[in-house]
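Both ligands and their constituent atoms are indexed starting at 1 by order of listing. Just so you know, residue 1 is the first one in the sequence shown, and it goes up from there.
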Amino acid sequence: MSNPFKSVPIRSYEITPKDVYFSRRDFIKAAGVVAGSVALASCAPNAGEPSEATVAAENPVTISGKTTDELGDPLNSFQDITNYNNYYEFTTDKEGVAPLSQGFTPKPWSVEVSGMVKKPKIYAFEDLLKNFTQEERIYRLRCVEAWSMVIPWTGFTLASLLNEVEPTSDAKYVRFETVMRPEEMKGQGSPFYPWPYQEGLRLDEAMNDLTLLATGLYGEDMPNQNGAPIRLVVPWKYGFKSIKSIVKIELTDKQPETLWNTTAPNEYGFYSNVNPAVDHPRWSQASERRIGELSRRATLPFNGYGDQVASLYEGMDLSVHY
Ligand code: MTE
């Protein structure tokens, strides 16, 4: 059972980014200062009625109007981001995820936060939108398969949620679990993977300001194929750490098992920080193909977020703890 990720087809994609259309009245109130690649700016005129999720958001998202990340690289188009996906619960075919996920029902939804916390709680999705400051974060997503995109997410920091439930002093890790719905997600019938998909972070990684619980992209509710209604985004790690459609977040004192580490421990570690110096056993990680570009580009250590996260790993040999 070692066929984790299939090879990446080379295909030409439109570069044209979708205009950033944070245009809804409900997004207009800017929501505070945000870090790194996040930008505050003005917004365009209203282009339509606010969605249900937007209406629920008392804290509106920050509006950037940006078309590039902080390195000057263009955003990928909405078309690219929503039609080239990894979501094995539906299919292993990247272009098949979008059509196969359309029948998935992301509402109603709740997220249970439990384990080593002082205030365990089951959050209705609407309350997560309402109670936590929604921001825009433009992040690079670097898949372990060596392709990448630049994606304008909206969401809130995992730290803001964890601070509310108050991890106990014993808590060292955070474990995440994807919804289990084999009727809607036919891939969960596959015997090759230990469902449900689960992932984990060390507590300090989870508390880092870059770590986002994303509830949308390009100002839209999260599309089903990208992990509706709520998914993790950890931009300095390979994309498989960014688990989709989360129903459980558990604080624990043990390093959580993860789907990919369980499936192929020799290929996928727990940390999985983007590292051009450590190759995957079956391919190089030194470079990547940015979807929309023809030639490959060099992969950056920590996917370009080293200033914010390298200190988390001081003293660790990252060629061993890959
Ligand atoms: N989460 C779940 N539950 N199931 C998955 O198959 N794939 C991962 C990650 N999260 C995956 C998942 C991988 S390999 C990547 S690269 C990203 O989601 C892709 O996110 P995207 O489709 O939004 O680009």
- [ ] State whether the shortest distance between N or O atoms of Ser242 and N or O atoms of ligand 1 falls below 3.5 angstrom.
- [x] yes

Quiz prompt | Sub-4.0 Å heavy-atom approach of Lys241 to ligand 1 | solution = no

- Query: Does the side chain of Trp260 come within less than 4.5 Å of Ser272's, by heavy atoms?
  - Reply: no

Within 45 degrees of the ring normal and closer than 6.0 Å to the centroid, is that where the cationic atom of Lys241 sits relative to Phe176?
no

_Starting from Leu300, can I reach Ile151 by hopping between I/L/V/M/F/W/Y residues whose side chains sit under 4.5 Å apart?_
no

Counting heavy atoms under 4.0 Å, the part of Val144 that contacts ligand 1 is neither

Minimal heavy-atom distance between Lys237 and Tyr271, with the atoms involved, is NZ-O, 2.8 Å

A student checking ligand 1 against Leu141 at a 4.0 Å heavy-atom cut-off should list atoms 24 (O)

The atoms of ligand 1 lying under 4.0 Å from a heavy atom of Ile243, numbered in the order shown, are 1 (N), 10 (N)

Quick one: does Ser245 get within less than 4.0 Å of ligand 1, heavy atoms only?
no

Kindly confirm or rule out an N or O of Trp147 lying under 3.5 angstrom from an N or O of ligand 1.
no

#### Entry: Modelled atom types, side-chain donor and acceptor of Glu205 and Tyr313, under 3.5 Å
yes

Backbone N or O of Glu135 within a donor-acceptor pair of the Trp153 side chain at under 3.5 Å?
no

Is the shortest heavy-atom distance from the side chain of Gln225 to the side chain of Gln102 under 4.5 Å?
-> yes

One finds that the ligand 1 atoms under 4.0 Å from a non-hydrogen atom of Thr178 are 3 (N)

Atoms of ligand 1 under 4.0 Å from any heavy atom of Cys143, numbered from 1 in the order shown, are 16 (S)

Per side chain to side chain donor-acceptor pair (under 3.5 Å), Arg175 is matched among Glu199, Glu257, Glu250 by Glu250

Looking only at N/O atoms, are Tyr84 and ligand 1 under 3.5 Å apart anywhere?
no

Of Asn86, Asn85, Thr82, the residue with the heavy atom nearest atom 7 (N) of ligand 1 is Asn86

In terms of heavy-atom contacts, Phe78 and Pro223 come closest through CZ-CG, 4.4 Å

With heavy atoms and a 4.0 Å threshold, my read on which part of Glu89 contacts ligand 1 is side chain

Looking at Tyr197, Trp153, Tyr87, Tyr238, the heavy atom closest to atom 12 (C) of ligand 1 belongs to Tyr197

